[in-house]
Amino acid sequence: MLSVAVLRLACSLVIAVLAALGNAFAIRGIQAGVNAYTGERPLRQEFSTFKNTGPAFDLYIQALLRSQQADQRQLLSYYEVAGVHGVPFRAWDGVTGKNWAAYCPHGSVLFPTWHRPYMALYEQVIWLNAQWIAAKYPASQRARYRAAALTLRIPYWDWSVNPTMPPEVNQPTIYIKAPNGTISVPNPLYTYTFHPLPSNDDFPPIGSPPNGPKVWSLRSTVRYPDGNNQSQPDLINRQLQANGAALNSMTYTLLTQQPDYGPFSNTRYNDGSGVGRYNNIENIHNAIHMLVGNGGHMSNIPYSSFDPIFWLHHANTDRLFALWQAVYPQSNFTSSQVSAYDTLTIDAGQAEDINTPLAPFHSDDSGTLWTSATSWTTKEFGYSYPEINDWALNSSQLSSNVKTRLNALYNPTKTISKRSVSADTSSSIGLSPNAMNIQWLAKIRISKSDIASPFFVHLYLGQAPADPNSWSFAPNLIASHSVIDTSMHNTASDPAIPTTLYGQIPLNPALLAAGNSNLSSSKMVPLLKSQLTWRLQRTDDVPLDVGEVPSLKVHVVGQQVKPRVREDEFPEYGKAQVYREVTSGKAGGLQDGDDDLE
Ligand SMILES: *[C@@H]1O[C@H](CO)[C@@H](O)[C@H](O)[C@H]1NC(C)=O
Ligand SMILES: *[C@@H]1O[C@H](CO)[C@@H](O)[C@H](O)[C@H]1NC(C)=O
Ligand SMILES: *[C@@H]1O[C@H](CO)[C@@H](O)[C@H](O)[C@H]1NC(C)=O
Ligand SMILES: *[C@@H]1O[C@H](CO)[C@@H](O)[C@H](O)[C@H]1NC(C)=O
Ligand SMILES: *[C@@H]1O[C@H](CO)[C@@H](O)[C@H](O)[C@H]1NC(C)=O
Ligand SMILES: [Cu+2]
C-alpha cells in the first residue's frame with residue numbers, strides 16, 4: 001500500500017513539475033493524413049465498414065491493446081486516459097481541481113463539447129501507438145501499414161442504424177495480421193483487465209445497484225453481468241433490438257427538430273419555456289450506457305469509460321453532434337446554464353458558457369485548455385465523418401447534403417424498423433414512423449431526488465409480462481427510458497439548479513408495428529388510454545414500485561407533422577397537443593393540478 005501511495009505521489013509530482021515547465025500534453029487531434037490542398041480529412045468510419053479495412057483495423061486493434069497493456073501510471077496509458085472521465089477523482093496532466101468529483105460534465109451545456117477533445121485524446125493515443133506498430137512490419141508490408149497508420153482514425157458504432165453490438169466486441173480473442181504473421185490476440189474491444197486492480201483511493205465504491213456486482217472490485221470490465229459476473233451479450237442485443245426503432249426515431253427527431261444548442265445539448269436544459277428539453281443528445285446517449293451496461297461498467301457512469309465499447313459509443317455521440325452542426329450552420333454555443341453537478345473543476349450551480357475551460361484537456365504544451373469555442377469544429381482535430389465533406393461544399397450545400405444523408409439513413413421512405421408491417425397505406429412518403437402526419441410521444445419527468453440508482457422506465461402497449469427478467473425485451477415493449485443521475489457528483493442544494501430529469505419516447509414505431517396504420521387522435525387516444533402501461537426496473541433487474549419514484553409523471557402528446565416532400569428537406573413539425581386523459585389518474589401518470597407540460 002505504502003509503495004503504491006509513494007509511487008502515485010511521485011507520479012503526480014512529476015506531472016505537476018512537467019506542467020510547470022510547460023510540458024503539458026497537447027491534444028491536437030491528428031493532422032497527418034489531411035490533404036494539404038483540398039483540406040479533405042480522414043474519416044472516422046462506422047465499425048462494420050472499419051473492420052474490413054485490413055491494415056487500419058489490424059493497427060487499431062494492436063494500438064488499443066498496447067495502450068491497455070501500458071503501465072497504468074503512464075499519462076497516456078488506457079487506464080489514465082479512461083480515468084479522465086470519472087474515477088479516479090484526481091488531477092490528470094497537472095490540472096488540479098477543487099472537488100472530489102469527475103471531470104466529465106453531464107447535465108451540462110458542456111456535454112457535447114467536452115467529449116470532443118476527449119475523443120481526440122483517445123484518437124491521438126491510438127494513433128501514436130499505431131505509428132510504432134506500423135514500423136515493425138516486414139519491409140514488404142511496411143509502406144502499406146505506415147500509410148494506413150497515418151490516416152488512422154477511430155471507428156464509431158451507429159446504434160441508431162445497427163441496434164446490435166458489433167460482434168467483434170464480444171469475442172475474447174481476435175485474429176489480426178500482426179508484424180509476425182496472422183495471430184490471435186486478446187481482444188481489446190471485449191474487456192479491459194486492470195493490472196493491478198486499483199485501490200479504493202482510485203476506485204471508491206460508488207454507484208452499483210444493491211444486487212449487482214460491485215464494479216470497482218471486478219478485475220475486468222463487464223456488460224450486463226449475470227450472477228457469476230459474466231457479460232450477457234445476447235440479452236444486451238435483445239434489449240437493444242427491442243429499442244432499435246425508438247432509438248432510430250429519437251435520433252431522427254432530435255436532428256431534424258432541434259436547431260438550438262441548449263436544448264439539444266443535455267438533460268437538464270431549461271430555458272423556462274419548457275420547449276425542447278425532453279429529447280436531447282445526452283438522453284439518447286444515456287440509453288446506450290444503460291442498455292449495454294445494465295449493472296456493468298457502462299451503466300455506472302464513473303466507471304463507464306473503462307469498457308472499450310465506451311469509445312465506439314462516444315465517437316458516435318460526437319458524430320451526431322457534428323451532423324447536427326452541419327445541418328444547422330448558423331448554430332453556435334449560445335447558451336449559458338448552471339452546472340447541475342460538481343465536476344473536479346466546476347462547482348454545481350456555477351454558470352457555464354462558451355469560454356468555460358474543458359478541463360483537463362490542453363490544446364498546447366504551455367497549459368492552455370480547450371473551450372467550447374475552440375473545439376467547436378471537427379476540422380480543428382483533423383477528422384470527419386462519412387456524411388460530412390465540409391471541405392468540398394459551402395455551408396448551405398453541406399446542410400442540404402447532410403439532410404439528404406440523414407433522411408436516407410434514419411428515415412428512409414416506406415420502412416418500419418421495429419417489426420415488419422404488411423399494411424401499405426402509401427402516402428407520399430410511406431409508412432415510416434417519422435414520416436406519418438402525426439407523431440405520438442410519451443414524455444417522462446422525474447425529480448432527481450427520487451433516483452437512488454440508475455433505472456429504466458419500460459413502456460408497453462398492454463401489460464408487461466409477469467416475469468421481470470423479460471421486461472426489457474418483451475414483444476409489446478414500446479421502448480425503455482433510461483434514468484441516470486450520475487451519482488459520482490455531489491449536488492449542491494442550489495435553487496438555481498434544475499432538479500427535474502426529462503425523457504421522451506416515440507410511440508409511432510410500436511403503434512405501427514401493432515398494426516395501426518391510421519394514427520388519428522380519435523383512434524389513438526382511446527387505444528393508448530386503455531393500453532399504455534409502464535414498469536420501473538433497476539439495472540440489477542430488481543423491479544421498482546411506482547410508489548418508490550413518487551415524482552414520476554408520464555404524459556402523452558400528439559404532434560402534427562408535415563412529411564418532407566424533397567429528400568434534402570426535413571418534416572415540418574407542428575403543434576404538440578397534450579392528451580391528459582391518456583395517463584390521468586394512473587399511478588405515475590398525470591394527476592389533477594399537474595401542469596407545465598408541453
Ligand atoms: C508474434 O508477436 C506477438 C506479439 O509480439 C507474440 O506474442 C507472438 O508470440 C508472436 N508469434 C510468433 C508466431 O512469433
Ligand atoms: C462477483 O463479484 C462480486 C464483487 O462485486 C464478488 O463478491 C462475487 O464473489 C463475484 N461472484 C463470482 C461468482 O465470482
Ligand atoms: C460563436 O460565437 C462566438 C462568440 O460568442 C464567436 O466568437 C464564434 O465565432 C461563433 N462561432 C460560430 C461557428 O459562429
Ligand atoms: C453555396 O454554393 C451554392 C452553389 O454554388 C450557391 O448557390 C450558394 O449561394 C452558396 N451559398 C453560400 C452561403 O455561400
Ligand atoms: C383515420 O381515422 C379517422 C377517424 O376514424 C378518419 O376520420 C380518417 O379518415 C382515417 N384516415 C385514413 C387515412 O383512413
Ligand atoms: Cu457517455
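Start at 1 and go down the list; that is how both ligands and their atoms are numbered.
Counted by atom type alone, D541 and Y224 present one or more donor-acceptor pairs between their side chains at under 3.5 Å. Looking at Y385 and R44, their side chains do bring a donor and an acceptor atom within 3.5 Å of each other. Side-chain atoms of S399 and S396 include no donor-acceptor pair closer than 3.5 Å. A donor-acceptor contact closer than 3.5 angstrom links the side chains of Q239 and S472.
Between F361 and Y118, the ring planes are parallel. Angles under 30° get that label, and only those over 60° would be called perpendicular. Taking the six-membered ring where the residue is Trp, H85 and F310 present perpendicular rings, their angle passing 60° and hence far from 30°. Between W216 and Y303, the two ring planes are tilted [angle within 30° to 60°]. Using cut-offs of 30° and 60° for the angle between ring planes, the W324 and Y328 rings count as tilted.
Taking the ring axis of F570 as reference, the NZ or CZ atom of K403 stays within 45° of it and closer than 6.0 Å to the ring centre.
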Could you tell me, for ligand 4, which of its N or O atoms are under 3.5 Å from any protein N or O, listing the pairs and their distances rounded to 0.1 Å?
| unit_1 | atom_1 | unit_2 | atom_2 | d |
| --- | --- | --- | --- | --- |
| ligand 4 | 2 (O) | N394 | ND2 | 2.2 |
| ligand 4 | 11 (N) | N394 | ND2 | 3.0 |
| ligand 4 | 11 (N) | S396 | OG | 3.2 |
| ligand 4 | 14 (O) | N394 | ND2 | 3.3 |

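Using a 4.0 Å cut-off between heavy atoms, V215 makes no contact with ligand 2 at all. Of the heavy atoms in S217, only side-chain atoms (C-beta onward) come closer than 4.0 Å to ligand 2.
Taking distance alone, with nitrogen or oxygen atoms compared against 3.5 Å, N229 approaches ligand 2 more closely than that limit.
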Could you check W159 against H313 for side chain to side chain donor-acceptor pair (under 3.5 Å), going step by step and ending with a plain yes or no? CA-CA 8 Å; W159 26 260; H313 170 40; 2.9 Å; yes
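Among the atoms of H289, an N, O or S atom falls under 2.8 Å from the Cu ion (ligand 6). Taking 2.8 Å as the criterion, H314 counts as a coordinating residue of the Cu ion (ligand 6), since one of its N, O or S atoms falls below it. Counting backbone and side-chain atoms alike, H285 contributes an N/O/S atom closer than 2.8 Å to the Cu ion (ligand 6).
For ligand 2, the atoms sitting less than 4.0 Å from at least one non-hydrogen atom of L218 are 2 (O), numbered in the order shown with element in parentheses. Each of the atoms 13 (C) of ligand 2 lies under 4.0 Å from some heavy atom of N228. Listed by number with element, the atoms of ligand 2 under 4.0 Å from a non-hydrogen atom of P213 are 5 (O).
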